[in-house]
Colleague: 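Before I ask anything, here is the structure I am working with.
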Amino acid sequence: MTTERYNPREAEPRWQKKWDEERLFETDTGVSNTKPPYYVLEMFPYPSGRIHMGHVRNYAMGDVVARYKRAKGYEVLHPMGWDAFGMPAENAAMQNKTHPKGWTYDNIAAMRKQLKSMGLSLDWSREFATCDPEYYAQQQKLFLDFLKHDLVYRKSAKVNWDPVDMTVLANEQVIDGKGWRSGAEVEQRELTQWFFKISDFSEELLEAIDGLDEWPAKVKLMQANWIGKSRGLQMKFDLTEPAVGFDGFEIYTTRPDTLAGASFMAIAPEHPLAVALAKENPELAEFNKEVRKTGTSAEELETAEKQGFDTGLKVRHPLYDGKTLPVFVANFILMDYGTGAIFGCPAHDQRDHDFASKYGLPIIATFVPSDCDDEPDAFVSSEPYVPLKSETVKWINQPASVATATGQEAIEATIDWAEQNTLGEGKVQYRLRDWGISRQRYWGCPIPVVHCPSCGVVPEKEENLPVQLPDDVTFDVPGNPLDRHPTWRDVACPECGEPAKRETDTMDTFVDSSWYFARFITPHEKTPTVPEQANRWLPVDQYIGGIEHAILHLLYSRFFSRAMSIAGHMEIKEPFKGLFTQGMVVHETYGNKDIGWFQPAELLLEEVDGKRIAKRLDNGEIVPIGSIEKMSKSKRNTVDPDDIMQTYGADTARWFMLSDSPPDRDVEWTDAGAEGAHRFVQRIWRLVQNWQDVLSETSMPETVSGKAQDIRKASHKTLKAVGEDIEKLAFNRAIARLYEYCNTLSGVKPDQADPEVASVMKEGVSFHIQCIAPMMPHLAEECWRSLGYETLVSATPWPEYDPALAVDDILIMPVQINGKKRADLEVNPDASKEEIEAASLQLDVVMKYLEGRDPKKVIVVPKRIVNVVI
RNA sequence: GCGGGCAUGGCGGAAUCGGUAGACGCAAGGGACUUAAAAUCCCUCGGCCUUAGUGCUGUCCGGGUUCAAGUCCCGGUGCCCGCACCA
């Protein structure tokens with residue numbers, strides 16, 4: 001019997017059109033809908049121009065969840081949009097003399113077409129781009145609300161300035177001292193900026209991490225580290241003589257137990273005391289200026305010498321009468337952590353040790369290992385002693401209460417002691433800073449305020465929103481075109497009506513993505529959200545995206561939910577109930593730095609004498625095969641999803657992306673793997689075609705037996721397992737089971753089938769098609785039709801397995817002797833421990849090993865194993 | 001430096017709470033069908049063996065707990081990730 005091969009190029013668009021016509025994936029988010037809501041969301045893409053395999057993997061996963069949950073009876077919200085503001089559009093505008101708007105919307109159109117060809121079950125009626133005035137109008141509304149609720153403020157701050165993109169970057173966007181996008185060395189500049197008060201939420205954002213039990217532990221840890229809570233002691237050190245209006249200054253330390261070993265003080269060059277002193281001391285002024293020039297890159301910081309400037313000032317040591325400590329201005333003290341001032345204890349800190357060694361300062365130990373009998377200060381003279389957490393130490397020079405404590409206990413004891421003696425107080429510090437959102441760019445959401453010479457900073461009136469970006473801009477010079485726009489900038493003050501100037505900074509694009517998930521619920525309302533609908537649909541039940549957003553985007557979104565709750569837009573604090581971070585798509589690389597890199601499509605791969613070689617298609621030259629790396633434009637190891645979908649169809653691409661690796665790990669794209677997936681597509685098709693005629697007329701009898709019963713049990717077991725695997729997002733395991741099940745079903749031949757077998761095969765093949773439908777929806781529809789169903793499988797409820805059929809009738813238990821498997825025992829699943837033990841001891845193999853003796857012990861774990869100990 | 005993770009055949013990976021290690025897929029080898037190829041189907045596939053046996057050995061290395069360890073504990077090695085002059 002021959003059957004036509006399944007032709008995805010013909011079938012896929014046909015079914016996509018059908019789903020569209022039926023409006024199958026449009027969601028009723030109204031509050032009167034009684035179906036349980038389920039919100040599944042994949043991180044929306046930046047419209048760079050074309051989708052890549054990472055998108056295919058991400059959206060394939062989300063679509064499995066969406067289709068499965070829909071079949072399980074949920075009202076599923078599965079929307080798509082575009083994170084459309086940002087630098088690349090402006091770069092393209094500069095390079096190609098296009099307009100960011102045209103470039104962006106053209107890209108969106110191209111990528112929408114690509115995504116549609118994947119057959120994703122998305123509600124396209126909710127689509128928006130963050131650069132749509134309809135969207136950013138509501139974002140401006142949120143900004144004004146945040147302003148009202150004191151969640152936004154303006155301050156002059158040292159900012160990270162990207163000299164290539166000519167913009168300010170958030171701390172999170174500076175990687176190794178370089179701009180996250182441009183890669184340029186970041187400079188420090190003083191500018192007046194808008195900030196969101198995320199640091200007000202440090203403790204809350206940290207504490208709530210515990211409740212995120214459907215988030216990866218790794219992401220939770222990264223967020224906790226980022227927030228960076230530490231407990232320490234803040235205390236004032238008094239100057240021996242008041243100077244420039246200061247009688248002393250506050251320091252912060254997480255190691256108060258080293259106070260006795262303090263041998264110098266150091267303050268940041270930006271510290272008010274340093275600044276005041278510099279006004280009177282040109283040498284110090286010069287020092288401060290020099291220090292500020294030093295870059296912030298990792299290498300520079302590592303190699304940068306510790307530099308200090310001795311101010312000549314002294315403070316009194318709080319523990320020892322008459323003892324004084326010199327005050328330095330030092331390059332390694334950060335103004336924005338703690339109080340910008342420290343005491344240095346060289347004996348127990350590498351940095352302080354370096355500094356003290358350079359400037360000839362004393363090194364005084366406050367503790368030594370408990371077995372150290374040496375002269376304590378000699379012990380720490382060449383390197384600092386930093387004990388392990390669990391290590392017990394011998395205290396020297398400590399306040400009495402500390403002397404018996406260890407580790408964290410000692411720190412707490414010192415804080416208590418300092419509080420009792422009114423020297424200072426215990427204080428919690430966070431690493432998290434406020435979020436600077438001002439960007440000196442055109443292609444972003446305008447900050448809706450006006451600067452008036454008489455009224456100051458005036459919020460734009462709500463009825464004037466959106467403050468819309470002007471279209472008539474040019475990009476022939478770097479910088480922000482809004483700054484030099486002739487008319488857009490000049491406006492009347494919303495308050496007094498006098499001539500004023502618009503804020504020309506736009507918002508960081510991370511603002512756009514911090515609330516889009518809420519907007520999808522009511523994408524076209526005249527308010528940012530409709531609170532009762534937002535409360536019903538949020539948090540997002542399952543959010544899926546890359547680990548690269550573990551800190552930035554997710555933390556900002558968590559802040560935004562809280563801020564939006566305060567402003568009355570919803571009552572949800574945590575935006576994402578379940579989070580899943582998928583691995584990357586990786587591919588072999590071809591070439592090297594010297595000869596350049598080649599795309600897979602430019603090469604012929606073959607095997608010669610067991611070794612794989614890559615040959616250029618144009619001239620036959622051999623190109624070295626490099627390491628397996630993330631698909632990237634720079635290494636040119638990308639595979640175009642369009643090519644794959646043209647060759648094999650969307651279903652094959654989706655199936656392969658889900659099959660090989662666990663979804664949180666990297667998956668390697670290989671042609672062989674894609675072909676394997678495609679073989680399976682054809683195998684399913686053949687299975688259905690072969691059985692088509694036999695199955696159409698049959699119906700399930702009350703009971704079946706023998707071979708038919710075996711098939712039936714396999715069907716129900718598979719159905720159960722696949723459902724459980726999908727719930728756990730273990731797509732690779734679900735797929736392995738479906739391969740196994742296909743092998744089982746393919747082993748039955750239609751021409752030998754009696755009516756009973758035919759009826760269980762109908763059930764089995766139908767189950768199988770329903771199980772693959774979330775992953776390969778087009779093929780599933782085609783097969784479903786072939787099986788004689790007139791409905792759409794995409795609109796068919798998930799079948800229920802029969803628990804009685806999903807268990808085995810006869811259990812085969814392994815029987816071990818002294819922990820080594822020696823036999824199999826067939827037992828009734830309900831057999832008692834005693835019955836199993838008795839049966840085991842009757843086995844020939846067991847009797848042979850026992851040689852007539854009694855076993856020392858027999859361990860029977862029902863449904864698992866028997867172990868006979870001799 | 002600090003914090004975290006991972007390690008299983010030629011490869012990707014399975015293995016629920018400690019209970020048959022290697023499911024499933026890829027690659028490879030052999031065979032069938034065919035004039036031939038493609039497609040398809042069948043078989044083999046961790047290592048070792050004078051005994052081919054429900055034989056021995058085997059989940060990075062060394063110890064331990066247990067009737068039983070890929071899984072738990074202690075020590076080490078290698079790789080990966082995050083943060084980092086944060087006091």
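Here is the naming used below: chain letters follow the sequence lines, and residue numbers restart at 1 for every chain.
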Colleague: In Watson-Crick or G-U wobble terms, both distances under 3.5 Å, what is the partner of B:rU34?
Modeller: none
Colleague: So if I take every side-chain heavy atom of A:Arg822 and compare against B:rG55, B:rA14, B:rG25, which nucleotide ends up nearest?
Modeller: B:rG55
Colleague: What is the distance from CD of A:Gln816 to P of B:rG19, rounded to the nearest Å?
Modeller: 11 Å
Colleague: Between B:rG22 and B:rG47, how far is it from one P atom to the other, in whole Å?
Modeller: 14 Å
Colleague: Which listed nucleotide (B:rC67, B:rC83, B:rU20) is nearest to the side chain of A:Ile865?
Modeller: B:rU20
Colleague: Does a side-chain N or O of A:Arg351 approach OP1 or OP2 of B:rC86 to a distance below 4.0 Å, or not?
Modeller: yes
Colleague: What's the gap between B:rC33 and B:rG46 when it is taken at their C1' atoms, as a whole Å value?
Modeller: 33 Å
Colleague: Please determine, for B:rG1, whether a Watson-Crick or G-U wobble partner exists with both distances under 3.5 Å, and give it or none.
Modeller: B:rC83
Colleague: Just to be sure I understand the rule, does A:Arg255 reach a base, reach only the sugar-phosphate, or reach nothing, if contact means heavy atoms closer than 4.0 Å?
Modeller: sugar-phosphate
Colleague: Under 4.0 Å from OP1 or OP2 of B:rC86: is there any side-chain N or O of A:Arg433 that close?
Modeller: no
Colleague: Provide, to the nearest angstrom, the distance between the CG atom belonging to A:Asp336 and the P atom belonging to B:rA84.
Modeller: 12 Å
Colleague: Let's see if you can work this out: which of B:rC26, B:rG3, B:rG19 has an atom nearest to the side-chain heavy atoms of A:Leu221?
Modeller: B:rG3
Colleague: When you measure from the side chain of A:Thr253, which nucleotide among B:rG4, B:rA87, B:rU20 comes out closest?
Modeller: B:rA87
Colleague: Can you tell me if the side-chain N/O atoms of A:Lys821 get under 4.0 Å from OP1 or OP2 in B:rU54?
Modeller: no
Colleague: Please give the distance between the P atoms of B:rG82 and B:rC11 as a whole number of Å.
Modeller: 26 Å
Colleague: Less than 3.5 Å between a donor and an acceptor, one on the side chain of A:Lys306 and one on the base of B:rC85, is that the case here?
Modeller: yes
Colleague: Using the P atom in both, what is the distance from B:rA87 to B:rA15, to the nearest Å?
Modeller: 41 Å
Colleague: Which value, in whole Å, describes the distance between the P atoms of nucleotides B:rU77 and B:rG58?
Modeller: 24 Å
Colleague: B:rA14 phosphate, OP1 or OP2: any side-chain N/O from A:Asn732 under 4.0 angstrom?
Modeller: yes
Colleague: Taking B:rC2 as the reference, what is the distance to B:rU57 when you measure between their P atoms (whole Å, please)?
Modeller: 42 Å
Colleague: Check the orientation of A:Tyr359 and A:Phe355. Use parallel for under 30°, tilted for 30 to 60°, and perpendicular for over 60°.
Modeller: tilted
Colleague: At under 4.0 Å, does any side-chain N or O of A:Arg665 touch on OP1 or OP2 of B:rG5?
Modeller: no
Colleague: Which nucleotide in the list B:rA87, B:rA84, B:rG13 gets nearest to the side chain of A:Tyr252?
Modeller: B:rA87
Colleague: Reckon A:Tyr739 has a side-chain N or O less than 4.0 Å from the OP1 or OP2 of B:rG25?
Modeller: no
Colleague: Given B:rG19, B:rC24, B:rC85, which nucleotide is nearest the side-chain atoms of A:Phe332?
Modeller: B:rC85
Colleague: Sort out the partner of B:rG12 for me: Watson-Crick or G-U wobble, both distances under 3.5 Å, none otherwise.
Modeller: B:rC24
Colleague: Does A:Arg255 pair with A:Asp349 as a salt bridge, N-O distance under 4.0 Å?
Modeller: no
Colleague: Do NZ/NE/NH1/NH2 and the carboxylate oxygens of A:Lys720 and A:Glu724 come within less than 4.0 Å?
Modeller: yes
Colleague: What I'd like to find out is whether the side chain of A:Phe343 reaches to under 4.5 Å of the side chain of A:Thr258, using heavy atoms alone.
Modeller: yes
Colleague: Checking contacts here: which listed nucleotide (B:rA87, B:rU20, B:rC67) is nearest the side-chain heavy atoms of A:Ile333?
Modeller: B:rA87
Colleague: Calculate the interatomic distance between A:Ile836 atom CD1 and B:rG19 atom C1'; express it in whole Å.
Modeller: 13 Å
Colleague: Nearest of B:rC24, B:rA14, B:rG12 to any side-chain atom of A:Asp660?
Modeller: B:rG12
Colleague: Give the rounded distance in Å between these two atoms: CD1 of A:Ile411 and P of B:rA87.
Modeller: 10 Å
Colleague: Base, sugar-phosphate alone, or nothing: which one does A:Gly676 contact when heavy atoms must sit under 4.0 Å apart?
Modeller: sugar-phosphate
Colleague: Checking base pairs now: Watson-Crick or wobble, both atom distances under 3.5 Å. What partners B:rA7?
Modeller: B:rU77
Colleague: Using the C1' atom on both, measure B:rU16 against B:rU65 and round to a whole Å.
Modeller: 23 Å
Colleague: If you compare every side-chain N and O of A:Arg679 against the phosphate oxygens of B:rC26 (OP1, OP2), does one of them come in below 4.0 Å?
Modeller: yes
Colleague: Mind calculating the distance between NZ (A:Lys220) and C1' (B:rG5) to the nearest angstrom?
Modeller: 15 Å
Colleague: For A:Arg665 and A:Gln582: C-alpha separation, side-chain torsions, deciding distance, then whether side chain to side chain donor-acceptor pair (under 3.5 Å) applies.
Modeller: CA-CA 7 Å; A:Arg665 280 197 226 170; A:Gln582 104 258 9; over 6 Å; no
Colleague: Can you check ring-ring contact (aromatic ring centres under 6.0 Å, His included) on A:His317 and A:Phe237, steps first, answer last?
Modeller: CA-CA 7 Å; A:His317 196 297; A:Phe237 277 67; 7.1 Å; no
Colleague: If you check every side-chain atom of A:Ala736, which of B:rC41, B:rC85, B:rC24 has the closest atom?
Modeller: B:rC24
Colleague: Would you mind reading off the distance between A:Glu548 atom CD and B:rC80 atom P, rounded to a whole angstrom?
Modeller: 19 Å
Colleague: Taking B:rG25 as the reference, what is the distance to B:rC41 when you measure between their P atoms (whole Å, please)?
Modeller: 11 Å
Colleague: Could you state the atom-to-atom distance from CG of A:Leu206 to C1' of B:rC83 in whole Å?
Modeller: 15 Å
Colleague: Tell me whether the guanidinium CZ or amine NZ of A:Arg5 lies under 6.0 angstrom from the six-membered ring centre of A:Trp685 and within 45° of its axis.
Modeller: no
Colleague: Is any side-chain N or O of A:Asn743 closer than 4.0 Å to OP1 or OP2 of B:rG25?
Modeller: yes
Colleague: How many whole angstroms separate atom CE of A:Met584 from atom C1' of B:rC81?
Modeller: 10 Å
Colleague: Between A:Asp808 and A:Lys717, does at least one N-O distance fall below 4.0 Å, as a salt bridge requires?
Modeller: yes
Colleague: Heavy-atom count check: over 12 atoms from other residues, nucleotides or ligands less than 6.0 Å from A:Glu425 CD?
Modeller: no
Colleague: Among B:rA23, B:rA87, B:rC26, which is the nearest nucleotide to the side chain of A:Leu334?
Modeller: B:rA87
